[in-house]
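Structure, as structure tokens:
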Amino acid sequence: MEYLVIAFIGFLFLVYSISIRQLERTEITGPMFFVLGGIGLAWLLPNEGEELKTGIDFLLPLIELTLSIFLFSDAAKSKLSVLKHSFQYPSLLLFVALPLTLLCGIGAGLFLFTELSLIQTALLAIILTPTDAALSKGLLASTNVPEKIREGINTESGLNDGLCVPVFLIFILLAKNPDSAITASQTLGVFSRELGLAVLIAVTSIALFIPVLNFAMKRHYFAQNTSPFLLLGFAMAIFSITQYFHGSGFIAVFIAGLLFDKFSDTGVRAELIEDSEHIADFTSLMIWCLFGFVCAYLVLPNMNKEIIIYALLSTTLIRIIPVMLSLQFTALNTKERFTFAWFGPRGLASIVFTLMVIDTQIENKYDIATIAMTTILFSVFIHGISTKPIADSFAKQSK
């Protein structure tokens with residue numbers, strides 16, 4: 001059976017690689033293609049559902065490391081000069097829109113899912129709060145879209161994963177022990193530890209890495225064919241060390257990426273980032289295939305009216321309304337505010353949180369996972385299909 005799965009995934013990569021230009025013209029993104037492929041794989045293997053539930057948690061480290069590589073590379077490609085002038089946008093998204101999105105998600109969940117407790121609903125809402133800019137690559141790569149929007153969406157996506165981790169951990173703790181109480185000082189302690197360690201490790205690692213990299217480059221210590229592994233290994237090491245010391249690995253790799261962009265040599269940076277991204281792209285597409293395979297067993301058979309309504313609300317209004325409100329008094333016009341609001345796709349971070357919930361003994365954990373994965377599934381297609389038309393609309397506007 002394992003060889004059949006590997007052969008099928010290999011065939012998907014073959015078809016995708018050969019027909020990528022045609023797929024882009026029809027607005028089918030890589031994640032969309034591989035999710036559909038994963039669902040097709042489940043159709044070929046209809047009796048593997050029970051084994052899946054026992055082995056799904058083994059995917060967690062792979063997904064976390066893949067996400068960390070994307071966060072580092074996205075940050076390393078950020079234009080800090082643009083962010084200096086427009087950092088108010090990601091700031092408003094992170095500190096105003098994000099809490100409002102969480103509260104809206106909790107409210108909608110309590111209304112639709114009476115079987116979930118307040119803490120379980122809050123856990124569901126925080127799973128679906130972080131965004132994944134990788135699912136909006138078409139928008140971020142389009143020069144038609146104003147830089148302030150592209151950099152703002154990218155920065156928000158890079159930082160909100162890490163900011164959500166402490167909240168998620170607190171909700172997990174409360175869901176495991178519903179009768180326990182967490183004080184404000186304990187909450188502040190969790191945030192301080194997660195964020196403080198992330199910043200410390202990111203700054204220290206860059207302070208050590210940049211001189212070593214420059215030294216190796218001057219003496220030609222590493223060859224061209226090993227360059228793809230350089231930033232890959234660096235991002236994985238930062239993430240894993242931070243997680244080991246109970247900090248936020250996601251914030252650490254994003255800050256390290258920003259610092260790498262600031263202090264590394266311009267001539268070699270772009271090539272190193274591009275090389276490492278190719279490997280991360282391969283891994284992420286494989287993860288989306290496995291996600292589609294999981295959805296065929298955990299999501300599609302259990303989908304009902306309430307789950308569909310919540311998933312549609314979560315991918316649209318639950319984010320759109322808070323973001324539009326938070327950006328109301330900025331210099332952005334209505335279309336630019338809506339672009340910020342619309343592009344909050346749920347991706348790898350939400351999958352990581354969902355797998356962490358499945359790996360616990362929390363009551364109703366599979367209900368939470370089903371709702372979360374339905375929302376992620378909807379987001380892959382809703383945001384994937386809409387990326388190119390919205391990006392192209394800015395080109396028409398400039399004319």
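Quick note: numbers below take in every heavy atom, side chains included, and nothing from hydrogens, waters or symmetry partners.
A donor-acceptor contact closer than 3.5 angstrom is absent between the side chains of Lys388 and Thr29.
You'll find the ring centres of Phe13 and Phe34 inside the 6.0 Å limit. Ring centroids of Phe72 and Phe260 are separated by less than 6.0 Å, placing the two rings close together.
Ring orientation note: the planes of Phe338 and Trp342 are close to parallel, at an angle under 30° on the 30°/60° scale.
Residues Asp367 and Asn302 fail the side-chain proximity criterion, which asks for heavy atoms closer than 4.5 Å.
In this structure, the side chain of Thr114 does not engage the main chain of Leu110 through any donor-acceptor pair within 3.5 Å.
More than 12 heavy atoms of other residues, nucleotides or ligands sit less than 6.0 Å from atom CE of Met32. Glu115 CD: more than 12 foreign heavy atoms inside a 6.0 Å radius.
None of Phe209, Phe229, Phe239 except one satisfies the ring pair (Phe, Tyr, Trp, His ring centres under 6.0 Å) rule with Phe234; the exception is Phe209.
Remark: Ile368 CD1 to Glu363 CD distance equals 9.5 Å, nearest 0.5 Å.
Relative to the ring axis of Tyr310, Lys305 does not place its NZ or CZ within 45° and under 6.0 Å from the centre.
By the 4.0 Å N-to-carboxylate-O rule, Lys137 lies too far from Asp132 to be salt-bridged with it. Using a 4.0 Å cut-off between a side-chain N of Lys or Arg and a carboxylate O of Asp or Glu, Glu156 and Arg319 qualify as a salt bridge.
Shown here are the side-chain hydrogen bond (donor to acceptor under 3.5 Å, both in side chains) partners of Ser157, two or more places apart in sequence or in another chain: there are none.
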